[in-house]
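Only one structure is covered here, and it is reproduced in the block below.
Chain letters run A, B, ... following the sequence lines, proteins first, then strands; residues in each count from 1.
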Amino acid sequence: MFALVDCNSFYASCERVFRPDLRDRPVVVLSNNDGCVVAGSAEAKALGIRTGVPLFQVRDLIRKHDVAVFSSNYTLYGDLSRRVMTTLATLAPKVEVYSIDEAFLDLSMVPEAQLQVLGEQLRERVARWVGVPVCVGIAPTKTLAKLANHYAKRLGSGVEVWARPEDWQAVLGQTPLGDIWGVGRRLVARLEALGIHNGAALAALEYDWVRRHFSVVQARMVRELNGEPCLTLELQPPPRQQIIHSRSFGQPVVSLPPLRQAVNDYTARAAEKMRMEGQLAGSVSVWLRTAPMGKPQQLWPDSLSRDLPQASADTRELARLAVQLLEQLWKPGLRYGKVGIMLTDLRPAEHAQGGLFEASKTRQGEALMAVMDSINRSGKGRVWLAGRGVKTRQECVWSMRREYLSPAYTTRVSDLPRVS
DNA sequence: TCTGGGGTCCTAGGACCC
DNA sequence: TCTGGGGTCCTAGGACCC
């Protein structure tokens with residue numbers, strides 16, 4: 001048996017943890033750059049504010065109903081997510097962290113009669129220890145556990161246990177295709193065209209037929225809907241294959257120097273993340289997008305990539321290459337809205353192939369990066385490459401809009417909430 | 001006028017190998 | 001006149017997830 005634990009309106013719930021005055025007020029959280037709504041509390045959804053809608057389209061609703069608005073505060077959400085996951089592990093030690101707000105748990109050792117009680121314990125403990133509401137779906141496959149969770153949320157029961165086929169069979173008949181994990185927009189259209197309109201019809205399909213007409217992924221899903229597990233708990237996430245860092249700018253950027261700084265900054269962030277995971281990159285890509293969206297002023301190319309002579313995790317080498325690519329992409333007079341960098345062809349550092357003449361240089365670079373990382377993690381200050389410029393993020397012309405940012409309640413001493 | 005930022009997996013087809 | 005069988009690697013495109 002698997003449990004899928006999913007936090008309710010996670011980002012909005014995080015904003016409420018240290019703001020009990022918001023308990024009954026609608027809350028929405030915006031994307032980076034305050035562009036669109038990425039999360040809304042139940043009250044906000046009831047007002048018709050959908051996830052993904054641009055902010056300017058719901059301004060009136062927000063004003064009229066006194067909706068509390070927040071910029072994304074990933075520092076806060078990431079920290080609360082970690083707390084949720086460690087809390088879950090106190091009741092079910094095998095946890096697969098599936099996303100920032102979801103985890104699969106292995107409940108194979110739990111007797112059927114105790115599943116319901118355990119589900120309720122999970123909810124209560126996370127609510128008490130972290131302050132975030134969660135729902136729990138329990139079933140013999142991950143796909144069914146996902147769906148059970150969906151119903152736990154929708155019915156308001158909080159916990160749904162599907163231990164036997166009769167528990168889910170009736171429900172599948174009422175389930176729209178798009179509610180099933182792994183069925184997106186395109187698949188809904190293709191299935192509908194074939195006369196398949198709900199979860200029960202999907203589950204009734206023959207494995208081989210699905211395998212032939214769709215792919216092995218959908219064929220497995222059909223088996224999972226019948227209670228036959230094809231997916232297992234992944235306790236150790238496989239090493240990442242690529243690291244992307246990209247941001248929209250708060251305002252369009254025309255000149256090259258600020259773009260160089262942004263590319264330096266993004267590359268440094270991505271490289272730091274890569275080093276934390278013990279990997280090297282073999283290749284770097286950069287792309288540029290003009291602003292505003294949907295009005296392409298730039299034709300081709302808008303992205304470039306190049307292999308490194310030797311795989312590296314040295315910010316200096318990666319940033320130098322990324323800036324070269326940027327300079328090839330940039331055209332005078334265009335207004336740019338976004339730049340992104342991607343590190344690909346990642347491989348474990350211990351498998352690194354040494355260059356014939358580069359050994360000592362590489363070792364020096366590694367030592368330098370290690371020192372930089374340890375200073376930056378010490379909490380006492382930061383060091384960076386001069387190419388990034390000396391302004392703080394907020395002062396840069398390329399920085400993103402974050403008009404409604406909440407404090408870093410749990411990760412910055414000066415932002416600790418006061419209790420009176 | 002104003003619209004995010006990450007990721008993964010699968011398949012088909014082409015090129016090439018023995 | 002007759003013309004095999006078994007592979008790998010790469011890329012583009014399509015699909016999905018949060």
Rounding to 0.5 Å, atoms CD (A/Gln324) and CZ (A/Arg260) come to a distance of 11.5 Å
Counting side-chain heavy atoms from CB outward, which of [options] is closest to [X]?
X        : options               : result
A/Trp181 : C/dC17, B/dG6, B/dG4  : C/dC17
A/Asn32  : B/dG5, B/dC10, B/dT8  : B/dG5
A/Arg211 : B/dG5, B/dT11, B/dT3  : B/dT11
A/Arg240 : B/dG4, B/dG7, B/dT11  : B/dG7
A/Cys36  : B/dG6, B/dG4, B/dT8   : B/dG4
A/Arg186 : C/dC16, B/dT3, B/dG5  : C/dC16
A/Arg289 : B/dG6, B/dG4, B/dT8   : B/dG4
A/Lys146 : B/dG4, B/dT8, C/dC17  : C/dC17
A/Tyr98  : B/dT8, B/dT11, C/dC18 : C/dC18
A/Glu102 : C/dC18, B/dC10, B/dG6 : C/dC18

Within the 4.0 Å heavy-atom criterion, would you say [X] contacts the bases, only the backbone, or no part of the nucleic acid?
X        : answer
A/Val183 : sugar-phosphate
A/Gln57  : nothing
A/Asp101 : sugar-phosphate
A/Arg190 : nothing
A/Arg59  : nothing

Assign each of A/Val217 and A/Lys338 to its nearest nucleotide of DNA chain B by heavy atoms, then name whichever residue's nucleotide is nearer the 5' end.
A/Lys338
Closest-nucleotide mapping onto DNA chain B: is A/Phe214 or A/Tyr11 further toward the 5' terminus? I mean the 5' end.
A/Tyr11
With a 6.0 Å cut-off (strictly less than), is the heavy-atom count around CZ of A/Arg382, excluding the residue itself, greater than 12?
yes
What is the distance from [atom1] of [X] to [atom2] of [N], rounded to the nearest Å?
X        : N      : atom1 : atom2 : value
A/His245 : B/dG6  : NE2   : C1'   : 11 Å
A/Gln218 : B/dC10 : CD    : C1'   : 9 Å
A/Leu187 : C/dC17 : CG    : P     : 9 Å
A/Ile243 : B/dG6  : CD1   : C1'   : 11 Å
A/Leu30  : B/dG5  : CG    : P     : 13 Å
A/Trp398 : B/dG4  : CH2   : P     : 17 Å
A/Lys142 : C/dC18 : NZ    : P     : 12 Å
A/Arg247 : B/dG4  : CZ    : P     : 12 Å

With a 4.0 Å cut-off on N to O distance, would you call A/Glu102 and A/Lys153 a salt bridge?
no
Is A/Glu224 paired with A/Lys146 through a side-chain N to carboxylate O contact shorter than 4.0 Å?
no
Apply the test salt bridge (Lys or Arg N to Asp or Glu O under 4.0 Å) to residues A/Arg83 and A/Asp79: give CA-CA distance (whole Å), side-chain angles for both, the deciding distance (0.1 Å), then the verdict.
CA-CA 7 Å; A/Arg83 296 178 184 205; A/Asp79 189 57; 3.2 Å; yes
Test item: A/Arg306 side-chain N/O and A/Leu325 main-chain N/O as donor-acceptor pair under 3.5 Å:
no
Under 4.0 Å: is that the gap between some side-chain N or O of A/Ser246 and OP1 or OP2 of B/dG6?
yes
Strictly below 4.0 Å: does A/Ser248 bring a side-chain N or O up to OP1 or OP2 of B/dG5?
yes
